[in-house]
Amino acid sequence: MQQFVIEGGMKLSGEVIISGAKNSALPIIAASLLTDKKVVLENVPDLVDVRTMIELIQHLGADVMFDRHVLRIHTPKIKKIDAPYDIVRKMRASYYVLGALLAREKKAKVSLPGGCAIGPRPIDLHIKGLRTMGVNIEIEEGFINAHTRQLSGHEVNIEGPKGTSVGATINVMIAAVQAKGETIISPAACEPEVIDVANFLNAMGFDITGQGTHRINIKGKSSATDVKYSIIPDRIEAGTFATAAAITRSSITIKDCCPDHLTSILGKLEEIGVGVGRGENNIVVNGTRQMHAANIFVATYPGFPTDMQAQFMALLSIVRGTSTIKETIFENRFMQALELMRMGADITIEGNTAVINGVDKLSGAYLMASDLRASAALVLAGLVAKGRTVVRRIYHLDRGYEKFEIKLRRLGASIKRQSE
Ligand code: EPZ
């Protein structure tokens, strides 16, 4: 396994270029199975999760070429309808092929995705939505066995205990584009990645309206066309680098991003005291000013994203005063707190609320990554900690950040990858 070795205390400067959004690319690659037409995707991030999704669609029958962030997919025919356990266990988003296989082949056998470090991650809402559209689904021996005579449009309610579901909204949307009749998804998730998938499906020739609102309307259509589509920038990667500038008290420029997708993240940084300049597709972050404590309440979009909670916990751990973070989406998303405390952070966890008393400095330490965003938080803490920090099991990071250490090094950080 590999680790990052970070020497803390370096200032960052210059500019970083943001890659395409992981959480758009994964469902869009899966949705390409809907058609036997040619699909060309641009601005595809080169991530472990993307390569796992490519492995899965190739297993199902797709011909794929991936070169310099351009992904060419052609699936003349579906050869298999099963998503095997050894692929799904690596990446739970494999379940996105469910909707596409049901739409094209009327059947699918997908291994149940397990839970993960941040929570049980059920997919009952995906199943509820598909069943509403006339899909017979049985869970047998750890597999989702699904088949249908005909996907039929319907009013689909997929409200969960935490409100809307990004995954369930997208899976039902993909299944609905070729259903017989009209499907209405409510309450639909509004995340930019949901909009991106809907826009991709429309670029394929399908008919979706309402994306970005809590009510998405899909009129079933049989035909699709060749399509070329560019994935939106990754707002969480952009937010992570903005937080890196803040925690190291630096000023950097973040390029090829979409400031409109970061409203709550940038607003929170400004509340803490970070200067933020917004351009058309770039952000200038000035972390050199005095910062103060803040309270964060995680929420679905356009609220403060759960995927930025860990990174802000690292930042707030060295901001004078008492801050709080309330995590409302996932059950176990404070694992970075334990590792930050080993660096000297003063954090108390009370249920789904973390209380952070800012300390003057963190000390470098040997740390263990546990999940994708917690790992990013540990790297950010290492950038500012006194001395050396080693973050182990960085395979978690490689799932969702392209060339993370190379981008940080180009900004002036002292970070290198090595075998454990
Ligand atoms: C997507 O996960 C993202 N992953 C997550 O990003 C992100 O944190 C999450 O949306 C919330 O924004 C991808 O897009 C690949 P949900 P998803 O369905 O779709 C519960 C990252 O770091 N729920 O919106 O799984 C669920 O347990 C990852 O990039 C059900 O109860 O999230 C959670 O508590 C982490 N039943 C809440 O809803 C279901 O059937 C929101 O989950 C589905 C979800």
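Everything numeric here is computed off the predicted structure, so don't read it as measured data. First listed ligand is number 1; within each ligand, the first listed atom is number 1. For reference, positions follow the sequence shown, starting with 1.
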**Proximal atoms of ligand 1 relative to His126 (non-hydrogen, under 4.0 Å)** = 40 (O)
Determine all donor-acceptor pairs shorter than 3.5 Å in which one atom belongs to a side chain in residues 351-359; sequence neighbours excluded.
from   : atom 1 : to     : atom 2 : distance (Å)
Asn352 : OD1    : Lys326 : NZ     : 3.3
Asn352 : ND2    : Glu327 : O      : 3.2
Asn357 : OD1    : Thr322 : OG1    : 2.6
Asn357 : ND2    : Asp346 : OD2    : 3.4

**Prompt:** Which atoms of ligand 1 have any heavy atom of Gly167 under 4.0 Å away?
**Reply:** 18 (O), 19 (O)
**Message:** Test your reading of the model: is there a side-chain donor-acceptor pair from Glu182 to the backbone of Ile218, 3.5 Å cut-off?
**Reply:** no
**Arg333, portion touching ligand 1 at heavy-atom distance under 4.0 Å** = side chain
**Glu402-Ser19 side chain donor-acceptor pair, cut-off 3.5 Å** = yes
**Prompt:** Is atom 35 (C) of ligand 1 in close reach of the protein, with a heavy atom under 4.0 Å away?
**Reply:** yes
**Request:** Would you please say whether a donor-acceptor pair under 3.5 Å links the side chains of Lys37 and Thr75?
**Result:** no
**Request:** Enumerate the atoms of ligand 1 whose separation from the nearest heavy atom of Lys22 is less than 4.0 angstrom.
**Result:** 21 (C), 29 (O)
**Prompt:** Using heavy atoms and a threshold below 4.0 Å, how should the contact between Lys162 and ligand 1 be classified: side chain, backbone, both, or neither?
**Reply:** side chain
**Asked** Should you measure from each heavy atom of Arg373, which atoms of ligand 1 turn up under 4.0 Å away?
**Response** 21 (C), 22 (O), 29 (O)
**Prompt:** Does at least one non-hydrogen atom of Met308 fall below 4.0 angstrom from an atom of ligand 1?
**Reply:** no
**Message:** Can you classify the ring geometry of Phe200 versus Tyr229 as parallel (below 30°), tilted (30 to 60°) or perpendicular (above 60°)?
**Reply:** perpendicular
**Per-residue contact class, Thr306 against ligand 1 - non-hydrogen pairs under 4.0 Å** = side chain
**Request:** Using non-hydrogen atoms of the residue, decide whether Tyr95 is closer than 4.0 angstrom to ligand 1.
**Result:** yes
**Asked** Mind checking whether Val50 and Val44 have side chains closer than 4.5 Å, heavy atoms only?
**Response** yes
**Item:** Residue Asp307 vicinity, atoms of ligand 1 by number, heavy atom under 4.0 Å
**Value:** 5 (C), 6 (O), 7 (C), 8 (O), 21 (C), 22 (O), 28 (C), 29 (O), 35 (C)
**Item:** Region of Ile329 engaging ligand 1 - heavy atom pairs below 4.0 Å
**Value:** both
**Message:** Tell me if the aromatic rings of Phe312 and Phe304 count as close, with their centers under 6.0 Å from one another.
**Reply:** yes
**Message:** I want to know if ligand 1 touches Leu125 in the polar sense, i.e. an N/O pair below 3.5 angstrom.
**Reply:** yes
**Fill in**
min-distance protein heavy atom vs atom 17 (P) of ligand 1 -> Arg121 NH2, 3.9 Å
**Request:** State whether the shortest distance between N or O atoms of Val166 and N or O atoms of ligand 1 falls below 3.5 angstrom.
**Result:** yes
**Item:** Residue portion contacting ligand 1 (non-hydrogen atoms closer than 4.0 Å) for Glu193
**Value:** neither
**Message:** Is there a side-chain contact between Met313 and Phe334 in this structure, where contact means two heavy atoms from C-beta onward sitting under 4.5 Å apart?
**Reply:** yes
**Prompt:** For ligand 1, which atoms have a heavy atom of Ile123 less than 4.0 angstrom away?
**Reply:** 39 (C), 40 (O)
**Item:** Crowding at CZ, Arg278 (>12 non-hydrogen neighbours, <6.0 Å)
**Value:** yes
**Fill in**
In terms of its nearest heavy atom to atom 31 (O) of ligand 1, the top option of Ala310, Ala168, Pro122 is Pro122
**Request:** Output all residues satisfying ring-ring contact (aromatic ring centres under 6.0 Å, His included) with His126, sequence neighbours left out; order by chain, then residue number.
**Result:** Tyr95
